[in-house]
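Please read the structure below before turning to the comments.
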Amino acid sequence: MSQKPLIFFDARMIDHNPGELHPESPERLKAISHMLDQLPADLIERRTALPANRADLERIHSPEYIDSIDALCNKTAQLDPDTRLSPDSVQAAYLAAGTGIQALDALFDPSTTTRRAFCFTRPPGHHAEHSHAMGFCVFNNIAVAAAYATEHLGLERVLIIDWDVHHGNGTQHSFKSRADVLVFNIHQSPFFPESGRIHELGSGHGTGFTINVPLPPGQTDDDYRAAFEQVLIPIAEKYAPQLVLVSAGFDAHHDDPIGDMNLTTQGFTDLCNIAIDIAERHANGRIALFLEGGYHIPTLTECTRACIFALANQQQTAPTPSKTTQPVFDHLHRLLAPLWSFPQ
């Protein structure tokens, strides 16, 4: 089977402009566009975006919230202290939310020879809540895709991995009482949005299907890789997801101006390879990455390029966590022991 990944990119998402000096600038996607143009022609298969429809969005967002966004089409607006709209932002938000649905339709199309995709979505999505925008995000792109996978494609087990430096609060809240979507977040803590604590395990039928790995500033590639090996992989082995989705933010990189973590480009490559391996073992190889944060533009393009190459040809290495990170994994093992088995 070909491993040429599908790359979903649409220049209309560049037109979302939250304002001068805003970290989530159009330059991010412009730089990625240039990077994609420089890739070997036979490495990827490029696709453009179609907008999400109303039914797609209502699986995650309230009708009243969607109406309020629709009313801002072709206008400028401030949705929260961090989230601003320009006249083309609503169109971009619909395209960003629709991109993941297109990716899933492609990955589950029997005629498609690849099972891997990268969705270059903008505005990002993982902070967007049911009824309000938050943290640069308008619609929750990855949550919309996961809900489509369970409700339209009929999947019973979807794994979301969020390695952005910020906790994906909107994604967690979208699925906290459900077992058909398991949400794994690894993030800097304490930090915006001040959620994602280790004891947040979901509720009701979803208890144990929300996993948070909050880490103090300064953690490294080995710490993140160890979290994946000690917490994520054992859970994935038991959960056996039918699809893997990744909120791929790159603001945990040591060059990023917003986060305080110390990951390298190789570290993100390793995380991507582990996610790919989980998809290969359990989900017939089906995996889709969604762009979230990452605000040092040279690093962003370097990391996204590395992940594209990982999607085309995976590799793996072994981690050694630091003394400050290992207790977090041990605590999670104790909390989750009744639901998930971990190797001793």
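Here the structure is a predicted model, which is why all the values come from computation and not from measurement.
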>> Using a strict threshold of under 4.0 Å (side-chain N to carboxylate O), is an ion pair present between Glu45 and Arg116?
In response: no
>> Show the nearest heavy-atom pair for residues Thr76 and Pro87, with the distance to one decimal.
In response: CG2-CD, 3.6 Å
> Does the Trp340 side chain pair with the main chain of Gly208, one donor and one acceptor, at a distance under 3.5 Å?
Replying inline: yes
> Between Phe184 and Tyr239, is the gap from one ring center to the other below 6.0 Å?
Replying inline: no
> Rounded to the nearest 0.5 Å, what separation is found between the CG atom of Leu153 and the OH atom of Tyr148?
Replying inline: 5.0 Å
>> Between Asp15 and Arg12, does any NZ, NE, NH1 or NH2 come within less than 4.0 Å of an OD or OE carboxylate oxygen?
In response: no
> Do Leu215 and Ile186 have side-chain heavy atoms sitting under 4.5 Å apart?
Replying inline: yes
>> With a 4.0 Å cut-off on N to O distance, would you call Glu229 and Arg225 a salt bridge?
In response: no
> Distance-only, no hydrogens or angles: does the His61 side chain make a donor-acceptor pair with backbone N or O of Leu57 under 3.5 Å?
Replying inline: no
>> Do Tyr224 and Asp270 pair up side chain to side chain, a donor and an acceptor below 3.5 Å, judged on atom types alone?
In response: no
>> Looking at every non-hydrogen atom in both residues, tell me the closest pair between Gly249 and Asp164 and how far apart they are.
In response: CA-OD2, 3.3 Å
>> Are Phe8 and Phe309 linked, directly or through intermediate hydrophobic residues, by side-chain heavy-atom contacts shorter than 4.5 Å (ILVMFWY only)?
In response: no
>> Measuring only between side-chain heavy atoms, which start at C-beta, is Ile32 closer than 4.5 Å to Leu291?
In response: yes
> Does His130 reach the side chain of Tyr65, with side-chain heavy atoms less than 4.5 Å apart?
Replying inline: no
> Can you tell me how far OG1 of Thr150 sits from CZ of Arg178, rounded to the nearest 0.5 angstrom?
Replying inline: 4.5 Å
> Minimum heavy-atom separation for Val144 to Ala97, with atom names?
Replying inline: CG1-O, 4.0 Å
> In Å and rounded to the nearest 0.5 Å, what is the CD1 to CZ distance from Ile235 to Phe228?
Replying inline: 11.5 Å
> When you look at Asp223 and Val328, which way does the side chain to side chain contact (heavy atoms under 4.5 Å, CB included) test go after all the steps?
Replying inline: CA-CA 10 Å; Asp223 297 304; Val328 177; over 6 Å; no
> For the side chain of Arg281 and the backbone of Glu237, is there at least one donor-acceptor N/O pair under 3.5 Å apart?
Replying inline: no
> Okay, side chain of Glu24, backbone of Pro18: is any donor-acceptor separation there less than 3.5 Å?
Replying inline: no
> Say you draw a straight line from CG of Leu339 to CG of Leu201; how long is it, rounded to the nearest 0.5 Å?
Replying inline: 8.0 Å
> Which word best sums up how the rings of His167 and His187 line up, parallel for under 30°, tilted for 30 to 60°, or perpendicular for over 60°?
Replying inline: tilted
> Any side-chain heavy atom of Leu95 within less than 4.5 Å of one from His16?
Replying inline: no
>> Counting only heavy atoms from other residues, nucleotides and ligands, does the tally under 6.0 Å from CZ of Arg47 exceed 12?
In response: yes
>> Could you walk me through whether Thr171 and Val181 satisfy the side chain to side chain contact (heavy atoms under 4.5 Å, CB included) test, starting with their C-alpha distance in whole Å, then the side-chain angles of each, then the deciding distance to 0.1 Å, before giving a yes or no?
In response: CA-CA 10 Å; Thr171 309; Val181 179; over 6 Å; no
> With the 4.5 Å side-chain cut-off for hydrophobic clustering, are Val90 and Ile101 part of the same group?
Replying inline: yes
> Do Phe136 and Pro23 have side-chain heavy atoms sitting under 4.5 Å apart?
Replying inline: yes
>> Would a single hydrophobic cluster contain both Leu243 and Ile60, if residues Ile, Leu, Val, Met, Phe, Trp and Tyr are joined by side-chain heavy-atom contacts under 4.5 Å?
In response: yes
> Taking Asp251 for the side chain and Asp256 for the main chain, is one N or O donor matched with an acceptor at less than 3.5 Å?
Replying inline: no
> Which value, rounded to the nearest 0.5 Å, describes the distance between Asp162 atom CG and Ser247 atom OG?
Replying inline: 4.0 Å
> Going through the checks in order, is the side chain to side chain contact (heavy atoms under 4.5 Å, CB included) test met by Phe192 and Ile258?
Replying inline: CA-CA 10 Å; Phe192 178 88; Ile258 290 182; over 6 Å; no
>> Taking the side chain as everything from C-beta on, heavy atoms only, tell me whether Glu129 gets closer than 4.5 Å to Asn140.
In response: no
>> As a quick check of understanding, evaluate side chain to side chain contact (heavy atoms under 4.5 Å, CB included) for Asp70 and Arg54, giving each step before the final call.
In response: CA-CA 11 Å; Asp70 288 346; Arg54 178 86 181 201; 3.6 Å; yes
> Looking at Lys30 and Glu27, does any basic side-chain N land under 4.0 Å from a carboxylate oxygen?
Replying inline: yes
>> With no hydrogens and no angle check, just 3.5 Å: does a side-chain donor-acceptor pair link Glu64 and Ser131?
In response: no
> How are the rings of Phe268 and Trp163 set to each other: parallel, tilted or perpendicular (split at 30° and 60°)?
Replying inline: tilted
> Hey, does Thr99 have a side-chain heavy atom less than 4.5 Å from the side chain of Asp10?
Replying inline: no
> Is it true that His166 and Phe191 have ring centroids separated by less than 6.0 Å?
Replying inline: yes
>> Quick check on His205: does its NE2 atom have over 12 non-hydrogen neighbours (other residues, nucleotides or ligands) under 6.0 Å away?
In response: no
> Judged by modelled atom types alone, do Ser86 and Ser89 share a side-chain donor-acceptor pair under 3.5 Å?
Replying inline: yes
>> I'd like to know whether CD of Glu156 has more than 12 heavy-atom contacts from other residues, nucleotides or ligands below 6.0 angstrom.
In response: no
> Ring centroid separation for Tyr94 and Phe139, is it under 6.0 angstrom?
Replying inline: yes
>> Grouping I, L, V, M, F, W and Y whenever their side-chain heavy atoms are under 4.5 Å apart, do Ile276 and Leu43 come out in a common cluster?
In response: yes
>> I'd like to know if the side chain of Asn169 and the backbone of His127 have a donor-acceptor N/O pair within less than 3.5 Å.
In response: yes
> For Arg59, does the CZ atom have more than 12 heavy-atom neighbours from other residues, nucleotides or ligands under 6.0 Å away?
Replying inline: yes
> Can you list the residues that meet the side chain to side chain donor-acceptor pair (under 3.5 Å) rule with Gln326, with sequence neighbours excluded?
Replying inline: Gln230, Asp330
> Which heavy atom of Ala147 sits nearest a heavy atom of Phe175, and at what distance?
Replying inline: N-CZ, 4.1 Å
> So among Thr264, Thr269, Asn262, which one has a side-chain hydrogen bond (donor to acceptor under 3.5 Å, both in side chains) with Asp221?
Replying inline: Thr264
> Do you see a donor-acceptor pair shorter than 3.5 Å between the side chains of Thr220 and Asp222?
Replying inline: no
>> In the structure I gave you, are the side-chain heavy atoms of Ser195 and Gln172 within less than 4.5 Å of one another anywhere?
In response: no
> What closest approach, in Å, do Gly135 and Thr83 show between heavy atoms, and which atom pair accounts for it?
Replying inline: N-OG1, 3.4 Å
> Do you see a donor-acceptor pair shorter than 3.5 Å between the side chains of Thr210 and Glu200?
Replying inline: no
>> Given the ring of Phe108, does Arg286 sit roughly above its face, with NZ or CZ under 6.0 Å from the centre of the six-membered ring and within 45° of the axis?
In response: yes
> How many angstroms lie between CD in Glu58 and CG in Asn53, if you round to the nearest 0.5 Å?
Replying inline: 9.5 Å
> Closest approach of Arg46 and Asp37, non-hydrogen atoms and distance?
Replying inline: NH1-OD1, 2.9 Å
>> Hydrophobic clustering (ILVMFWY, side-chain heavy atoms < 4.5 Å, transitive) - are Ile142 and Leu182 grouped together?
In response: no
